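Counting starts at 1 for both ligands and their atoms, following the listed order. Source: prediction; values computed, not measured.
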Amino acid sequence: MNTKEIKIKITEYSATSELPEEDQKLLQQAAKSASRSYAPYSEFHVGAAVLLENGEIICGSNQENAAYPAGLCAERVALFYANSQYPGVKVKALAVTAHADHFIIDKPISPCGTCRQVIAETESRQQRKIKILMQGESGPVNMTEGIENLLPLTFYEEKLKKK
Ligand code: THU
């Protein structure tokens with residue numbers, strides 16, 4: 001038997017002002033996008049902003065549905081829109097933030113498992129890591145370079161290939 005330990009690397013910034021301007025701007029865009037969410041069921045408004053290599057910023061917010069599983073998270077709305085509008089243009093960074101109707105979110109939120117899998121596929125396709133910025137509506141910012149820090153032992157498409 002062999003027990004392995006897997007290390008992940010997350011950088012915590014205690015204030016947004018500690019971040020490079022480009023990252024601050026991306027988080028601001030994510031917050032703006034959260035206010036455009038459609039979240040009448042969860043009352044939890046998530047915003048995501050994707051920075052592309054060509055400088056474009058694509059935003060997304062969670063879009064819910066009375067048939068709950070039909071809704072989509074902010075991160076996937078943004079990533080899928082980015083890839084459909086700009087196929088082949090690499091994603092440099094993704095910022096995600098949220099606010100709720102009835103409580104304050106003062107800790108970073110992080111992407112759900114399904115969104116992590118979609119971020120992993122994006123990285124794999126573009127052969128480039130994505131900087132991921134995570135924040136609540138206030139409080140510290142978590143930053144990580146690459147999905148392997150949020151989704152160790154990732155399932156990649158090469159696993160589908162017969163050897
Ligand atoms: N949600 C996101 O948009 N992104 C996440 O990473 C976590 C969850 C949304 C889905 C749903 O509309 C609401 O937040 C509550 O789960």
Side-chain angles (χ1 to χ4, degrees), residues 6 8-14 16 19 22-52 56-86 89-126 128-157:
I6 298 171
I8 64 164
K9 194 170 160 193
I10 309 283
T11 304
E12 188 186 277
Y13 296 89
S14 54
T16 318
L19 290 160
E22 186 177 80
D23 295 354
Q24 291 187 31
K25 195 175 152 204
L26 203 61
L27 277 165
Q28 281 162 12
Q29 291 297 312
K32 249 194 200 174
S33 188
S35 63
R36 298 190 291 259
S37 79
Y38 175 62
Y41 306 107
S42 70
E43 301 180 329
F44 190 84
H45 309 275
V46 186
V50 166
L51 174 65
L52 300 179
E56 285 282 337
I57 293 178
I58 305 295
C59 293
S61 54
N62 53 328
Q63 301 294 318
E64 297 184 348
N65 193 284
Y68 288 7
L72 202 63
C73 292
E75 297 91 320
R76 275 177 287 156
V77 169
L79 282 169
F80 290 154
Y81 182 74
N83 194 52
S84 55
Q85 287 299 304
Y86 299 95
V89 181
K90 294 183 182 185
V91 173
K92 275 175 76 176
L94 166 74
V96 54
T97 184
H99 66 267
D101 287 348
H102 303 293
F103 58 94
I104 301 287
I105 306 171
D106 57 5
K107 292 189 180 66
I109 71 147
S110 42
C112 79
T114 309
C115 289
R116 291 177 199 208
Q117 186 66 35
V118 170
I119 298 167
E121 183 91 14
T122 308
E123 282 192 356
S124 168
R125 278 179 80 176
Q126 65 183 26
R128 181 198 163 125
K129 287 186 185 182
I130 297 172
K131 179 194 271 193
I132 303 163
L133 297 152
M134 299 157 278
Q135 193 180 27
E137 59 188 298
S138 59
V141 177
N142 278 345
M143 185 281 291
T144 196
E145 301 264 9
I147 195 63
E148 67 199 4
N149 292 298
L150 297 182
L151 191 64
L153 305 178
T154 310
F155 182 85
Y156 288 113
E157 81 287 355

Show the atoms of ligand 1 that are less than 4.0 angstrom away from any heavy atom in [X].
X	answer
P111	6 (O)
F44	14 (O)
V46	1 (N), 2 (C), 3 (O), 4 (N), 9 (C), 14 (O)
E75	2 (C), 3 (O), 4 (N), 5 (C), 6 (O)

- Message: Using the side chain to side chain contact (heavy atoms under 4.5 Å, CB included) criterion, which residues pair with P69? Sequence neighbours excluded.
- Response: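 In terms of side chain to side chain contact (heavy atoms under 4.5 Å, CB included), with neighbours along the sequence ignored, P69 is linked to no residue.
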- Roughly how far, to the nearest 0.5 Å, is the CG atom of L79 from the OG atom of S84?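 Interatomic distance, S84 OG to L79 CG, rounded to 0.5 Å: 10.5 Å.
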Among all protein heavy atoms in this structure, tell me which lies nearest to [atom], with the distance rounded to 0.1 Å.
atom	result
atom 12 (O) of ligand 1	E64 OE2, 2.5 Å
atom 9 (C) of ligand 1	N62 ND2, 3.6 Å
atom 8 (C) of ligand 1	C73 SG, 3.9 Å
atom 7 (C) of ligand 1	C112 CB, 4.1 Å

- Message: So that I can tick it off, tell me whether E75 and R116 are bridged by a salt bridge, with the cut-off set at under 4.0 angstrom between side-chain N and carboxylate O.
- Response: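 Salt bridge between R116 and E75, a charged N being under 4.0 Å from a carboxylate O: no.
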- Message: For R125, is there an ion pair with E157 - N to carboxylate O distance below 4.0 angstrom?
- Response: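 So E157 does not pair with R125 through a salt bridge.
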- Contact (N/O only, under 3.5 Å) between C115 and ligand 1: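 Such a contact does not occur with ligand 1.
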- Query: Using a heavy-atom cut-off of under 4.0 Å, does the side chain or the backbone of S42 touch ligand 1, or both, or neither?
  - Reply: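 The side chain, only.
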- Is it the case that T16 and Q135 place a side-chain donor and acceptor less than 3.5 Å from each other?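 There is such a pair (donor and acceptor under 3.5 Å, judged by atom type) between the side chains of T16 and Q135.
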- Query: Side chains of Q63 and S61: donor-acceptor distance under 3.5 Å anywhere?
  - Reply: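 Yes, S61 and Q63 have a side-chain donor paired with an acceptor closer than 3.5 Å.
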- Task: Flag atom 4 (N) of ligand 1 as yes if some protein heavy-atom distance to it falls below 4.0 Å, otherwise no.
- Result: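 Answer yes: something from the protein, a heavy atom, is under 4.0 Å.
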- Pairs meeting criterion side-chain hydrogen bond (donor to acceptor under 3.5 Å, both in side chains) with involvement of residues 42-52, two or more places apart: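 Residue pairs with at least one partner in residues 42-52: S37-H45, S42-E64, E43-H102, H45-D101.
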- Apply side chain to side chain contact (heavy atoms under 4.5 Å, CB included) to the pair N62 and V77, showing each step before the final yes or no. CA-CA 7 Å; N62 53 328; V77 169; over 6 Å; no
